[in-house]
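In what follows, a structure is listed as structure tokens, so that the remarks can point back to it.
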Amino acid sequence: MINILIAEDDFRVASVHEKFLLTLSGINIIGKTMNAKETREFLEEHSVDLLILDVYLPDELGTDLLPYIRAKHPEVDIIMITASTDKDFLVDAIRHGIVNYLIKPVSLEKFTEVMVNYKKKRLLLDSHDQLDQSIIDNFFGNPPNQKESHIALPKGIDQLTLEKVDSIINHIEGGISAEDMGKEMGVSRTTARRYLEYLISIGKCKAELAYGIVGRPERHYYPLQAPLKK
């Protein structure tokens, strides 16, 4: 779960942000603050993963909060939202390491796109202890050059089979186990698990433990966004 704090002085706008966030899985809204003072106090008392921060707070600019947050709470990611089109705000925010910047009014589609991308990047880093250039390029959205695009997949991973697994997991509701994926594809559970774990490693799906009535919990695999309707 991603613990999110919304810092927005207009309670109606904050409610819209909250409504958008609640359409996504893996999100836990742990608080809403209405000014810089409340935001500082909340960050001191709670574990926050992501701060949705408005620029125009009544007691202080959101951008003026950034040096404090970076010094005291470097683990907190920040997405800034503002009605301003002033370039200086954006430049200041980028220099303080924000992960994204949105201009109001923000559509549900854009908000969802930004949040899904943020979750993918978190999962990509969380699933690797060691990095290579392809993972870094994936994180920053840098397209590979012509030569890099032909780099072979890891041993035991076939491109066509991988595309089939990716398609299945994005069209099924409620997640799927390696055993059920194997039955769906006509391969062994071990083979299905290998492809599913590879999709996790490149940031295309996630896994959670599903607890049944009896026996040990089973690992279920899910797309990083809501599955497509059939």
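In this text, all values refer to a predicted model and were calculated from it rather than measured experimentally.
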Determine whether [X] and [Y] make a side-chain contact, defined as any pair of heavy atoms from C-beta on separated by less than 4.5 Å.
| X | Y | value |
| --- | --- | --- |
| Glu179 | Arg193 | no |
| Leu160 | Glu163 | yes |
| Ile200 | Tyr221 | yes |
| Thr161 | Met185 | yes |
| Ile27 | Met1 | no |
| Phe20 | Thr112 | no |

So if you build clusters from Ile, Leu, Val, Met, Phe, Trp, Tyr with side-chain heavy-atom gaps below 4.5 Å, do [X] and [Y] land together?
| X | Y | result |
| --- | --- | --- |
| Leu43 | Leu61 | yes |
| Leu5 | Tyr118 | no |
| Leu199 | Ile157 | yes |
| Ile81 | Val76 | no |
| Leu50 | Val116 | yes |

Donor-acceptor pair, side chain of [X] and main chain of [Y], under 3.5 angstrom:
| X | Y | answer |
| --- | --- | --- |
| Ser167 | Lys164 | no |
| His73 | Ile69 | no |
| Tyr195 | Asp166 | no |
| Lys119 | Ser25 | yes |

Name all residues meeting the side chain to side chain contact (heavy atoms under 4.5 Å, CB included) criterion together with [X]; count only those two or more places apart in sequence or in a different chain, and write none if there are none.
| X | result |
| --- | --- |
| Ala192 | Met181, Val187 |
| Asp180 | Ile176, Ser177, Lys183 |
| Asp86 | Ser84, Asp88, Phe89 |
| Arg40 | Ala36, Glu60, Leu65, Tyr68 |

**Request:** Please assess Met115 against Ile79 for the test side chain to side chain contact (heavy atoms under 4.5 Å, CB included), listing each intermediate value before the final yes or no.
**Result:** CA-CA 9 Å; Met115 287 303 304; Ile79 293 177; 4.0 Å; yes
**Asked** Got a sec: does the CZ of Arg70 have more than 12 other heavy atoms crowding it under 6.0 Å?
**Response** yes
**Prompt:** If you draw a 6.0 Å radius around NZ in Lys206, do more than 12 non-hydrogen atoms from other residues or ligands fall strictly inside?
**Reply:** yes
Output the distance between atom [atom1] ([X]) and atom [atom2] ([Y]), rounded to the nearest 0.5 Å.
| X | Y | atom1 | atom2 | value |
| --- | --- | --- | --- | --- |
| Arg122 | Asn117 | CZ | CG | 13.0 Å |
| Asn28 | Ile4 | CG | CD1 | 8.5 Å |
| Met80 | Ile52 | CE | CD1 | 10.5 Å |
| Phe111 | Leu21 | CZ | CG | 4.0 Å |
| Ile29 | Ile2 | CD1 | CD1 | 11.5 Å |
| Leu196 | Ser201 | CG | OG | 11.0 Å |

Looking at every heavy atom in both [X] and [Y], which two are closest together, and how far apart are they?
| X | Y | value |
| --- | --- | --- |
| Leu57 | Asn35 | CD1-C, 4.0 Å |
| Phe42 | Thr33 | CB-CG2, 4.0 Å |
| Leu53 | Gly62 | CD2-O, 3.5 Å |
| Glu38 | Met34 | OE1-N, 2.9 Å |

Listed pairs under 3.5 Å, donor-acceptor, residues 90-109 side chains, sequence neighbours left out:
residue: Asp92; atom: OD1; partner: His96; partner atom: ND1; Å: 3.2
residue: His96; atom: ND1; partner: Asp92; partner atom: O; Å: 2.9
residue: Lys104; atom: NZ; partner: Glu8; partner atom: OE1; Å: 2.9
residue: Lys104; atom: NZ; partner: Asp54; partner atom: OD1; Å: 3.3
residue: Ser107; atom: OG; partner: Lys110; partner atom: N; Å: 3.1

**Request:** Could you verify whether a donor N or O on one side chain and an acceptor N or O on the other, from Tyr198 and Arg194, lie under 3.5 Å apart?
**Result:** no
**Request:** Tell me, please, which residues at least two apart from Lys121 pass salt bridge (Lys or Arg N to Asp or Glu O under 4.0 Å).
**Result:** none
**Item:** Note: Arg219-Glu197 ion pair, threshold 4.0 Å (strictly below)
**Value:** yes
**Prompt:** Val48 and side chain to side chain contact (heavy atoms under 4.5 Å, CB included): which partner among Asn3, Ile30, Asp77?
**Reply:** Ile30
**Prompt:** Relative to each other, are the rings of Tyr222 and His220 parallel, tilted or perpendicular (30° and 60° limits)?
**Reply:** tilted
